Amino acid sequence: MANAPTRLSSKEEYASFVDKFDTFLFDCDGVLWHDETLVPGAVQVLEHLRALRKRIIFVTNNATKSRKNYKKKFDRLGVQAEVDEVFGSAYASAVYISSVLKLPKDEKVYVIGQAGLEEELDEEGIQRIGGTVSADSVILHRATYSKFCISQDPADKTFDSFDITKFERDPEVTVVLAGLDTAINYTKLAKAMQYLTRNENCRFIATNEDSTYPVGGGQFLPGAGSISAPLRYITKTDPISIGKPNQAMMDTIKAKHHFDPKKTVMVGDRLDTDIIFGNKGGCSTLLVLTGVAKEVDLRPEANPPVMPDFIVDSLGDLAVLKN
């Protein structure tokens, strides 16, 4: 088993830790905030790192927001961030489809997901169907993204039984992309199944496979992995997963920012995504205990998937360095 992590608990230890690195990769949910509530001291830590001219990059598996909308959340919470510092699984998925798969312009993506995922696909010029289906979004996307958004099917937003005899399968769909969808239903899963099993060479991609996500107050809700899981079971096929801990996300970051992994630390709250992600990328790792993982999860009997290099109760603990 890997060595036990170094616990940071004093101002001297925090200072020594910060001095080791030039680049800091931060998860967001559970590290910087819980929903709309900041982790106490987190903003002060980020300000201190910027004052030391450290590079800061935000890496989130949340695919419900585009980078531009994520920037709005940073602004709303008073956290300094630029769009090119934010890397989400929605953006990385869109880049993967356009730059790695090189999806032809006449082919389409069937989307299970929310507006942020759609916006990133539109930015990459990728044709899509499915996705959000409220009346407002249909009007907005037809007006703004008519070149890329072929159809938003209001029939997807239903709890009625799926009638396959009335389903007109689009032969141009060659990718099913599944992200977090808080309005998931049987119809969307049934349509995705039809594309994956009946359209030749249709690829199955998941923005990420987080089983849950934190919403504050020690509570959690089903994550994007819970959305793609039924399709995995139905098709007996593992999706290409883009978000942490997969290196497709790291490759997307490296394409935009050049940094030395040996002088880089990944800060996160999940062992199975953040810490593995940093470890696979050759970076050091810091686990904070304000999100999913708890110290008990590091005990041998818990069989942790990986051990972090460092551990701290909260990112905000490092705020003493600013004083």
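Everything numeric in this text was worked out from a predicted model, so none of it was measured. All residue numbers refer to positions in the sequence shown, counting from 1.
- Looking at Asn62 and Thr60, their side chains never bring a donor and an acceptor atom within 3.5 Å of each other.
- Here the side chains of Pro5 and Leu298 are in contact, with some heavy-atom distance below 4.5 Å.
- Hydrophobic cluster membership differs between Leu289 and Leu32, with clusters built from Ile, Leu, Val, Met, Phe, Trp and Tyr side chains linked at under 4.5 angstrom.
- For the atom pair CH2 of Trp33 and CG of Leu38, the computed distance is 8.0 Å after rounding to the nearest 0.5 Å.
- When atom types are taken as modelled, the side chain of His34 and the backbone of Thr290 share a donor-acceptor pair closer than 3.5 angstrom.
- Looking at every heavy atom in both residues, Gly291 comes nearest to Asp269 through CA-OD2, 3.3 Å.
- Looking at Asp22 and Arg53, no side-chain N of the basic residue comes within less than 4.0 Å of a carboxylate O on the acidic one, giving no salt bridge.
- Using a distance-only test at 3.5 Å, with no hydrogens or angles considered, no donor-acceptor pair links the side chain of Ser16 to the main chain of Glu12.
- Counting only distance, with no hydrogens or angles, the side chain of Ser226 and the backbone of Ser211 share a donor-acceptor pair below 3.5 Å.
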Self-check item: Residue pair Asp29, Tyr213: steps toward the side-chain contact (heavy atoms from CB on, under 4.5 Å) verdict
Solution: CA-CA 8 Å; Asp29 297 300; Tyr213 68 95; 5.8 Å; no
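- Looking at heavy atoms from C-beta onward, Thr285 lies out of side-chain contact with Phe277 at the 4.5 angstrom threshold.
- The 12-atom threshold is exceeded at CZ of Phe167, counting heavy atoms of other residues, nucleotides or ligands nearer than 6.0 Å.
- Taking 4.5 Å as the limit, every side-chain heavy atom of Leu271 sits out of range of all side-chain heavy atoms of Ile276.
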Practice problem: Would you please test Cys202 and Tyr110 for side-chain contact (heavy atoms from CB on, under 4.5 Å) and show each step? | Solution: CA-CA 10 Å; Cys202 186; Tyr110 180 74; over 6 Å; no
Practice problem: Begin with the C-alpha distance, continue with both residues' side-chain angles, and end with the deciding distance and a verdict on side-chain hydrogen bond (donor to acceptor under 3.5 Å, both in side chains) for Ser89 and Asn61. | Solution: CA-CA 5 Å; Ser89 61; Asn61 269 359; 4.8 Å; no
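- Thr132 and Gln114 are not linked by any side-chain donor-acceptor pair at a separation below 3.5 angstrom, with hydrogens and angles left out of the test.
- Of all the heavy atoms in Ser98 and Glu124, the pair that sits closest is OG-OE1, 2.7 Å.
- Counting heavy atoms from C-beta on, the side chains of Lys11 and Leu318 never come closer than 4.5 Å.
- Checked against the 6.0 Å centroid criterion, the rings of Tyr186 and Phe162 do not qualify as a close aromatic pair.
- Contact record, Met250 with Cys283: CE-SG, 4.1 Å, taken as the closest heavy-atom pair.
- For Lys263 (side chain) and Lys20 (main-chain N/O), a donor-acceptor pair under 3.5 Å exists by modelled atom type.
- A distance of 6.0 Å separates CG of Leu196 from CZ of Phe204, quoted to the nearest 0.5 Å.
- Neither Val39 nor Leu46 shares a network with the other; the hydrophobic side chains, linked directly or stepwise wherever heavy atoms of I, L, V, M, F, W or Y lie under 4.5 Å apart, form separate groups for each.
- Of all heavy-atom pairs between Val312 and Leu8, the closest is CG2-O, 3.8 Å.
- Of the inter-residue distances, the one linking Asp160 atom CG with Thr187 atom OG1 reads 7.5 Å to the nearest 0.5 angstrom.
- Ionic pairing of Glu107 and Lys102 is not present here: no N-O contact between side-chain nitrogen and carboxylate oxygen is shorter than 4.0 angstrom.
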Quiz item: Given the rule in the side-chain hydrogen bond (donor to acceptor under 3.5 Å, both in side chains) test, do Asn69 and Glu119 qualify, once you have shown the distances and angles that lead to the verdict?
Solution: CA-CA 9 Å; Asn69 273 331; Glu119 289 170 23; 3.2 Å; yes
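- The environment of CZ in Arg76 is crowded: more than 12 heavy-atom neighbours from other residues, nucleotides or ligands sit within 6.0 Å.
- Annotation for Lys65 and Ala90: closest pair O-CB, 4.1 Å, computed over non-hydrogen atoms.
- Summarising the local packing, NZ of Lys294 is surrounded by more than 12 heavy atoms from other residues, nucleotides or ligands at distances under 6.0 Å.
- A salt bridge does not link Arg67 to Asp84: none of the charged nitrogens lies less than 4.0 Å from a carboxylate oxygen.
- Look at Glu82 and Lys71 and you find no salt bridge, because none of the NZ, NE, NH1 or NH2 atoms lies under 4.0 Å from a carboxylate O.
- Cluster annotation: Met266 and Val18 are assigned to distinct hydrophobic clusters (Ile/Leu/Val/Met/Phe/Trp/Tyr, side-chain heavy-atom contacts under 4.5 Å, transitive).
- A salt bridge is defined here as a Lys NZ or Arg NE, NH1 or NH2 lying under 4.0 Å from an Asp or Glu carboxylate O, and Arg270 with Asp27 fails to meet this definition.
- Side-chain contact between Phe26 and Ile57 is absent, with no heavy atoms from C-beta onward closer than 4.5 Å.
- Salt bridge status for Lys244 with Asp274: present, with a side-chain N to carboxylate O gap under 4.0 Å.
- Residue Glu301 places its CD atom among more than 12 non-hydrogen atoms of other residues, nucleotides or ligands, all under 6.0 Å distant.
- Both Ile126 and Leu101 belong to a single network of hydrophobic side chains, linked directly or stepwise wherever heavy atoms of I, L, V, M, F, W or Y lie under 4.5 Å apart.
- Between the CG atom in Leu286 and the CZ atom in Phe21 there is a gap of 8.5 Å [rounded to 0.5 Å].
- Residues Lys322 and Val45 have side chains not in contact (no heavy-atom distance under 4.5 Å, counting atoms from C-beta outward).
- Between atom CG of residue Leu121 and atom CD of residue Gln127 there is a gap of 11.5 Å, rounded to the nearest 0.5 Å.
- Within the 4.5 Å cutoff, no side-chain heavy atoms of Phe310 are placed close to those of Arg7.
- Judged by distance alone, with hydrogens and angles left aside, the side-chain atoms of Glu120 form no donor-acceptor pair with the main-chain N or O of Leu117 at under 3.5 Å.
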Quiz item: Step by step, would you call Met307 with Leu287 a side-chain contact (heavy atoms from CB on, under 4.5 Å)?
Solution: CA-CA 9 Å; Met307 294 294 280; Leu287 178 70; over 6 Å; no
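- Arg299 places no side-chain N or O within 3.5 Å of a backbone atom of Pro304 that could act as its donor or acceptor partner.
- Side chain of Thr264 to backbone of Lys262: no donor-acceptor contact under 3.5 angstrom is found.
- Although no hydrogens or angles enter the test, the distance criterion places no donor-acceptor pair under 3.5 Å between the side chain of Thr212 and the main chain of Pro222.
- Between Val59 and Ile253 there is a side-chain heavy-atom pair separated by less than 4.5 Å.
- Ring pair Phe58/Tyr70: centre-to-centre distance not below 6.0 Å.
- Looking at Glu85 and Arg50, a side-chain N of the basic residue comes within less than 4.0 Å of a carboxylate O on the acidic one, giving a salt bridge.
- Counted within 6.0 Å of NZ on Lys72, heavy atoms from surrounding residues, nucleotides or ligands total 12 or fewer; the atom is thus considered open.
- To the nearest 0.5 Å, atom CG of residue Leu315 and atom CG of residue Asp317 are 8.5 Å apart.
- Between Asn199 and the choices Val176, Val173, Thr174, Asp170, the side-chain contact (heavy atoms from CB on, under 4.5 Å) rule is met once, by Val173.
- Salt bridge Lys188/Asp181: present, at least one basic N to carboxylate O contact under 4.0 Å.
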Practice problem: Apply side-chain contact (heavy atoms from CB on, under 4.5 Å) to Tyr96 and Ile240, showing your working. | Solution: CA-CA 10 Å; Tyr96 180 86; Ile240 300 168; 3.8 Å; yes
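- Closest approach of Ser314 and Pro40 over heavy atoms only: OG-O, 4.4 Å.
- Cluster membership check: Val265 does not share its hydrophobic cluster with Val306, using side-chain heavy-atom separations under 4.5 Å among Ile, Leu, Val, Met, Phe, Trp and Tyr.
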